[in-house]
> 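This is the structure I want to talk about, given as structure tokens.
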Amino acid sequence: MEAFRLLSRGGVQFDKGRFKNDVTLFTKGPTKQDKGKGVAQHTGDDLPAELDFFKYAKGGAPKRKAAEGDEEGGASGKKRRLDDEESEASEDEAAEDADDGPPMPRHKVTAKGLNVPPPAEKFEDLKTRYDLSSLILTNLGEYGYTRPTGIQAHGIPILLESRDLAAISPTGTGKTLSYLIPVMAALGAPIASANSQNGTGVRAIILAPTRELAHQIHNECLKLAQGRKWRIVLFSKATAATLADKSVRDKVDIIISTPLRLVMSLQSSKLELNNVRHLILDEADRMLDSEFLPQVEEIVAACSREGLQKAVFSATLPAGVERVAMGMLNNPIRVVVGLKDTPLPLIAQSLTYVADDPSKLPTLLAYLKQPYNPPVLIFTSSQPRATSLAEELVINGIPNVDCLHAGMSKKEREDAVSRMRRGESWVMVSTEVMARGMDFKGIREVINYDFPQSVQSYIHRIGRTGRAGREGKAITYFTDEDAPYLKAIANVLLQSGSPVPEWITKLPKPSKMKRKQMGKVKRAEAVNPARSIGRNEAIKKRDMIAGNKRRKEKGAKAGGVVGGDKRDGAGDEKGSE
DNA sequence: AAAAAAC
């Protein structure tokens with residue numbers, strides 16, 4: 001068993017059957033009743049330890065054991081041991097994930113810049129060196145964060161010394177806490193405490209690309225803030241409205257927001273940022289892409305206070321974007337954990353050839369009708385495709401299917417996230433909205449139903465699994481149309497130790513392939529249905545899927561492309577293969 | 001290179 005685990009991590013001896021076996025061991029416990037045909041069930045005793053992505057649903061992370069083996073017995077104790085062994089091979093058992101373990105080897109960390117402060121190996125070091133408040137330390141312990149991860153050890157001292165920072169660290173390695181801890185420490189007392197140093201108005205801004213991620217960061221922030229009367233605002237239409245009163249917004253300490261929401265408040269003069277001392281960009285490469293950049297620049301310009309500290313964080317930072325980031329930062333330190341643009345080795349990645357779009361659904365259905373490890377997260381390339389795929393899965397009898405994309409209402413999105421947090425979703429079909437930052441620790445498998453549009457997207461998508469030192473599995477479907485970008489993704493697999501069929505590695509240069517691809521037809525807006533039998537009674541179930549109604553409205557507005565006639569239109573793509 | 005997401 002041990003030998004196998006090592007081999008499989010190296011990615012050489014990997015084979016499907018063995019992996020399945022291994023994963024069964026992981027879900028473990030005396031597997032008895034099989035609630036959901038073909039689905040490897042979580043057993044009762046396995047649930048609390050394994051699925052603490054419930055932490056948000058319960059309003060706080062369950063307290064974790066301080067040392068191996070205490071107060072956990074039987075099957076779950078065994079599971080813990082496996083986890084801990086995993087962590088020896090990697091430092092990615094992130095504090096962000098409220099997990100802890102024995103001292104472990106770390107990813108290589110490189111820090112470049114002038115006068116780089118030494119890393120803090122323990123949270124206690126932050127107290128002795130920087131007088132970090134006991135409250136924050138206590139809260140960290142309270143939520144099971146006992147030892148800094150690589151990015152935390154290096155990043156926190158840098159930020160506490162008021163330096164600008166560009167931090168690159170893999171998915172699930174605790175980036176959120178690397179900026180929350182120093183920002184909260186630097187703010188000291190809540191602004192409402194009438195400390196004259198505080199000035200008036202919000203003192204820290206954290207920007208994230210999606211509502212869901214902003215929400216998650218807000219939750220983390222509340223954990224650290226417990227016991228103090230900080231005003232930490234998750235910016236939304238509603239909260240922005242409550243801040244229309246200047247006397248109210250003058251007492252806010254931290255705002256966590258998506259860029260556009262903040263820009264709108266700025267433009268309607270409902271917000272001043274002249275007291276902001278810390279500005280953090282999470283998912284920095286996304287925040288600095290052409291779509292978000294103008295908004296972010298507007299926010300940066302509005303932060304007029306002298307000595308504004310800026311920091312950017314991401315798991316990926318392409319050279320072009322990095323130049324933009326570095327141009328923004330003042331005498332920055334650049335910290336890279338592990339290898340840039342490389343996913344975690346704990347994620348077993350594979351590529352599956354599906355010929356063309358119509359072949360995808362049958363392939364996925366066959367996969368989901370065999371035993372698999374829920375919850376599984378499926379990525380599609382567009383909102384209509386996410387909705388229609390979820391719909392097709394329900395029609396074909398797959399249990400506990402959910403859907404989440406930005407075309408859904410705020411409430412639908414929130415409900416979908418909480419079902420996910422509670423473990424009620426077995427199959428979550430989504431778009432890029434879920435690709436970055438979301439920390440659902442229970443996710444066992446990621447399936448790229450539609451090929452990712454960039455290496456960055458691929459890395460972030462598959463990074464939703466394999467968190468907290470657990471194993472994860474990532475399957476990527478590719479069609480003939482995806483060939484031009486296949487090699488780039490295949491290289492990512494190879495770099496992180498997953499096997500790739502030899503013929504893929506021998507593909508010609510992408511540029512040649514691209515030329516061949518010229519004139520290809522665009523991907524269908526809806527996924528291709530598997531078959532049209534037995535639909536009528538199944539159609540009733542469709543309303544269970546959030547976003548369905550909306551999709552139709554949108555479809556109608558856009559010219560009915562994805563409406564009820566999509567099945568007749570299924571032939572449209574025939575010419576594209 | 002292109003969609004999604006931000007409202």
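Here is the naming used below: chain letters follow the sequence lines, and residue numbers restart at 1 for every chain.
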> Give the nucleotide from the list B:dA4, B:dA6, B:dC7 with an atom nearest to the side chain of A:R261.
B:dC7
> For B:dA4, does OP1 or OP2 lie under 4.0 Å from any side-chain N or O of A:S381?
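Checking B:dA4 against A:S381, no side-chain N or O comes under 4.0 Å of OP1 or OP2.
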> Are a donor atom and an acceptor atom from the side chains of A:T239 and A:S236 found within less than 3.5 Å of each other?
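Yes, because at least one side-chain N or O of A:T239 sits under 3.5 Å from a partner of the opposite role on A:S236.
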> Are side-chain N/O atoms of A:T200 and A:D250 paired as donor and acceptor at under 3.5 Å?
no
> If you measure from the Lys or Arg side-chain nitrogens to the Asp or Glu carboxylate oxygens, is any gap between A:E291 and A:R286 under 4.0 Å?
no
> Looking at B:dA5, I'd like to know if its phosphate oxygens (OP1 or OP2) sit under 4.0 Å from a side-chain N or O belonging to A:R413.
no
> Whole angstroms only, please: what is the CG-C1' distance between A:D289 and B:dA1?
13 Å
> Rounded to whole Å, please give me the gap between NE2 in A:H215 and P in B:dA5.
18 Å
> Expressed in angstrom and rounded to an integer, what is the separation of A:E298 atom CD from B:dA6 atom P?
18 Å
> Please classify the nucleic acid contact of A:P209 as base, sugar-phosphate, or nothing, using heavy-atom distances under 4.0 Å.
sugar-phosphate
> Look at the side chain of A:R286 and the base of B:dA4, then say whether one donor and one acceptor between them are separated by less than 3.5 Å.
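Yes, the side chain and the base share a sub-3.5 Å donor-acceptor pair.
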> Any base atoms under 4.0 Å from A:R211, or only sugar-phosphate, or nothing? Heavy atoms, all strands.
sugar-phosphate
> Look at the side chain of A:E291 against the base of B:dA4 and say whether a donor-acceptor pair falls under 3.5 Å; ignore hydrogens and angles.
yes
> Please report, rounded to the nearest Å, how far the C1' atom of B:dA6 is from the CG atom of A:L281.
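Taking atom C1' of B:dA6 as the reference, CG of A:L281 is at 14 Å.
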> May I ask you to say whether A:D450 pairs ionically with A:R385, meaning some side-chain N is under 4.0 Å from a carboxylate O?
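Result for this pair is yes, salt bridge flagged.
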> Can you check whether A:T431 has a side-chain N or O nearer than 4.0 Å to OP1 or OP2 of B:dA3?
no
> In this structure, how many angstroms lie between the C1' atom of B:dA6 and the CD atom of A:Q295, rounded?
5 Å
> To the nearest angstrom, how far is A:Q383 atom CD from B:dC7 atom P?
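Result: 13 Å.
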> Which of the following nucleotides, B:dC7, B:dA5, B:dA3, is nearest to the side chain of A:L260?
B:dC7
> Can you tell me how far C1' of B:dA2 sits from CZ of A:F292, to the nearest Å?
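It works out to 15 Å between those atoms.
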> Heavy atoms only, 4.0 Å cut-off, all strands: where does A:R436 land among base, sugar-phosphate and nothing?
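Nothing, no heavy atom under 4.0 Å.
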> What nucleotide, of B:dA1, B:dC7, B:dA5, holds the atom closest to the side chain of A:H405?
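My answer, after comparing the listed nucleotides, is B:dA5.
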> Can you tell me how far P of B:dA6 sits from CD of A:E283, to the nearest Å?
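Rounded to the whole Å, the gap is 13 Å.
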> Which nucleotide wins on minimum distance to the side chain of A:K237, given the candidates B:dA1, B:dC7, B:dA4?
B:dC7
> Can you establish whether the number of heavy atoms outside A:K340 located under 6.0 Å from its atom NZ is more than 12?
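Count over threshold, so yes.
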